[in-house]
2 protein chains.
Amino acid sequence: MTSVDPVAGAPARRGPRMRDVAALAGVGIKTVSRVVNNEPGVSPDLAARVRRAVEQLGYRPNLGASSLRRADGKTAAIALVLENIANPFSAAVHRAVEDVARERGVLVFAGSLDEDPRRERDLVQAFTMRRADGLIIAPASDDQGYLYDDVVRTQTPVVFVDRPPHGLRADAVLATNAEGAAAAVHHLADAGHERIAYLGDYVRIPTAADRFRGYREAMVDRGLRVRAEHVAHDLHSAEAAERAVRAMLALDDPPTALFSSQNLVTIAAVRALRALGRQHAVALVGFDDFPVADLLDPGVTVVAQDPAAIGRTAAELLFRRLDGERWEPRQHRVETRLIARGSGELRPAVAS
Amino acid sequence: MTSVDPVAGAPARRGPRMRDVAALAGVGIKTVSRVVNNEPGVSPDLAARVRRAVEQLGYRPNLGASSLRRADGKTAAIALVLENIANPFSAAVHRAVEDVARERGVLVFAGSLDEDPRRERDLVQAFTMRRADGLIIAPASDDQGYLYDDVVRTQTPVVFVDRPPHGLRADAVLATNAEGAAAAVHHLADAGHERIAYLGDYVRIPTAADRFRGYREAMVDRGLRVRAEHVAHDLHSAEAAERAVRAMLALDDPPTALFSSQNLVTIAAVRALRALGRQHAVALVGFDDFPVADLLDPGVTVVAQDPAAIGRTAAELLFRRLDGERWEPRQHRVETRLIARGSGELRPAVAS
DNA sequence: GTGAAAGCGCTAACAC
DNA sequence: GTGTTAGCGCTTTCAC
């Protein structure tokens with residue numbers, strides 16, 4: 001074969017190198033490089049010989065070595081930092097990014113944060129050490145100034161998704177959170193509701209804060225009172241969310257409608273209403289769609305995000321920067337869409 | 001700063017290198033290397049000076065260069081090839097792999113196949129060129145002999161998940177597909193059903209084939225006839241699955257129970273039964289769980305897989321191989337579990 | 001058209 | 001303890 005078989009137990013057998021291919025094809029190493037990289041200026045004859053040798057040896061170029069030496073230093077890999085690659089939102093963003101990247105022969109490194117800022121810095125640093133060409137991030141930290149050393153100074157493009165940057169100027173692709181939440185409230189108010197409750201995740205999460213703002217402003221717009229006892233923040237577990245719903249519905253003046261600002265909270269709310277047998281009595285609109293929401297009884301009305309559009313847009317912006325295009329960083333908004341399925345069209349029991 | 005500012009438009013600004021750190025700290029480059037890699041044998045004094053210089057310059061080691069030179073050639077990255085990183089099964093596997101990898105400071109490259117063997121080879125090759133330390137793959141191809149050049153010869157560990165290897169000896173982590181399907185059939189037969197239909201994805205997908213085998217064998221075990229008109233294969237779209245259910249229920253001798261061998265098929269079956277108003281009349285057991293299956297009416301009885309356990313097991317096997325452990329490749333089975341929620345406990349309308 | 005030599009940023013081997 | 005030198009596999013530069 002290409003070289004003498006190393007003794008058993010030899011460390012990490014490396015594959016054939018460019019010079020092995022060159023030797024077999026009887027050409028110089030630079031000619032192999034030209035053929036492998038589809039550079040012009042190689043006679044068809046030599047090119048064929050090189051290709052045959054590549055085939056015969058099962059040669060695979062070492063992109064690490066290549067990018068080390070190459071002038072632009074590109075690794076053809078981008079980094080993606082998301083809340084949790086297993087949740088449907090992150091997974092859809094990831095897939096959309098992958099699809100855009102694949103068209104360009106670029107691979108995607110992904111990592112999950114679980115709302116841990118420490119993990120965010122560790123992940124970003126790991127990606128930096130691998131010299132990812134660009135970064136798409138949905139940050140868990142409240143300040144991304146630390147990115148200066150990791151990406152800004154090296155002129156690595158960064159695009160934020162789902163959450164805006166702080167302490168750093170960069171493009172961001174965000175859902176219309178406040179507007180979507182406002183639409184939910186207006187929808188419920190249109191159905192005759194006045195006592196509309198808010199159920200939300202950690203307020204420190206920017207999307208949750210924006211959705212609460214949208215809720216509050218829409219309530220004011222409609223001349224409705226935002227009652228403290230009808231607002232529950234920081235519901236990050238299903239249990240907490242269910243408990244909040246039960247507590248609210250046990251009030252003397254219970255809400256007749258619920259707006260839940262997140263996926264898992266919405267599902268918890270459905271579960272709580274079911275357990276109380278109130279699912280046809282209390283209206284519900286949830287932010288963010290989820291699978292088979294239409295098959296529940298009643299179908300769950302939601303303000304749907306478009307995670308695929310968010311991911312695609314972010315990836316496209318990143319690649320435009322990588323192509324050398326320059327512009328002032330700005331926020332790009334991806335529209336939400338209210339999907340009526342029944343739960344949001346329930347009317348209050350008693351007209352007021 | 002570390003060097004003169006390059007002229008505007010200069011190509012790809014590279015960050016500070018080890019020698020810049022060494023110069024600033026007034027030490028040799030090897031000392032910096034020792035500090036950066038936490039190698040022993042550096043005086044605390046010099047180590048501190050190096051660390052200060054690292055901090056000051058915002059130095060980030062270049063892992064690509066490092067692994068190029070290092071004896072073991074490790075890149076501290078593994079490749080993960082799945083059907084579709086956006087579907088819940090793949091996403092859960094991915095997340096489990098990430099968690100195991102993270103403990104070891106290893107990053108994960110992931111890619112989706114969409115049942116395309118061509119894409120499988122392209123992806124694997126892309127990972128090989130980046131010299132991933134190991135590969136976890138749920139193949140779409142029917143033969144993975146091509147992996148020889150990419151991984152076997154370079155002694156790169158490979159672990160299969162969800163689908164067994166063909167044309168290659170390698171570890172595989174698989175759900176108990178046949179057994180799970182058989183359990184579903186027995187469950188339905190226990191409820192009194194005799195006309196149990198099978199609804200499945202492409203038969204060329206090994207998991208679908210195994211589940212069909214489990215179905216068939218269990219039917220025979222129970223002395224039940226497998227009727228050709230009660231078997232529908234190759235249902236890869238929701239539309240096809242819904243059509244199949246409608247067609248079966250329109251038969252003179254319709255099934256009284258359905259076993260659907262896949263997630264999306266199960267949901268399509270629920271949709272079809274709903275549309276016909278038969279959801280409380282026709283029993284249903286689905287293979288693979290899905291979110292809020294318990295909130296449907298009736299709750300959907302499923303044979304749940306454990307994708308997190310599959311991913312975790314696969315990653316652990318991969319890392320044991322990377323640690324140099326050796327054993328005969330074998331299949332590792334992850335148990336499925338039947339979760340009764342209502343739809344699978346419905347009894348046939350007419351006793352027979 | 002083609003290829004020899006230098007060097008990307010780092011670690012291995014070995015000297016001090 | 002510490003530093004110097006060579007070279008990982010490739011692309012760049014430049015000579016032919």
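Here is the naming used below: chain letters follow the sequence lines, and residue numbers restart at 1 for every chain. What you are looking at is a predicted structure, and each value in this text was computed from that prediction instead of being measured.
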What integer distance in Å separates [X]:[atom1] from [N]:[atom2]?
X        : N      : atom1 : atom2 : value
B:Asp72  : C:dC10 : CG    : C1'   : 13 Å
B:Arg70  : D:dA6  : CZ    : C1'   : 18 Å
A:Arg131 : C:dC8  : CZ    : P     : 14 Å
A:Asn38  : D:dC10 : CG    : C1'   : 16 Å
A:Arg60  : D:dC10 : CZ    : P     : 13 Å
A:Leu63  : D:dT11 : CG    : C1'   : 12 Å
A:Ile29  : C:dG7  : CD1   : C1'   : 13 Å
A:Glu39  : D:dT13 : CD    : P     : 11 Å

[Y] and [X], any side-chain heavy atoms less than 4.5 Å apart:
X        : Y        : result
A:Phe319 : A:Ile78  : yes
B:Leu82  : B:Val161 : yes
A:Asp142 : A:His166 : no
A:Arg119 : A:Asp114 : yes

[N] phosphate, OP1 or OP2: any side-chain N/O from [X] under 4.0 angstrom?
X       : N      : answer
A:Asn62 : D:dC8  : no
B:Ser43 : D:dT2  : yes
B:Ser33 : C:dC10 : no
B:Arg19 : C:dC8  : yes
A:Thr31 : C:dT2  : no

Could you check which of [options] has an atom nearest any side-chain atom of [X]?
X       : options               : result
B:Lys30 : C:dT11, D:dG1, D:dC8  : C:dT11
B:Pro61 : C:dC8, D:dT11, C:dC10 : C:dC10
A:Leu68 : C:dT11, D:dC10, C:dG9 : C:dG9
A:Met18 : D:dT11, C:dC10, C:dC8 : D:dT11
A:Ser66 : C:dC10, D:dC10, D:dG3 : D:dC10
B:Val27 : D:dG3, D:dC8, D:dC10  : D:dG3

When we call it a touch if two heavy atoms are under 4.0 Å apart, what does A:Leu46 touch: a base, just sugar-phosphate, or nothing?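 The residue A:Leu46 makes sugar-phosphate contact but no base contact.
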Judged by each residue's nearest nucleotide on DNA chain D, which is more toward the 5′ side, B:Arg69 or B:Ala47? B:Ala47
Ignoring hydrogens and angles, tell me if any N or O in the side chain of A:Arg321 forms a donor-acceptor pair with the backbone of A:Leu317 under 3.5 Å. no
N/O donor-acceptor pair, side chain A:Arg17 with base D:dG9, under 3.5 angstrom: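 Counting by modelled atom types and ignoring angles, no donor-acceptor contact under 3.5 Å is found here.
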Can you find a donor-acceptor N/O pair under 3.5 angstrom joining the side chain of A:Arg34 to the base of C:dG3? yes
In terms of the angle between their ring planes, are B:Phe109 and A:Phe109 parallel, tilted or perpendicular, with boundaries placed at 30° and 60°?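 Taking A:Phe109 first and then B:Phe109, their aromatic rings lie parallel (interplane angle under 30°).
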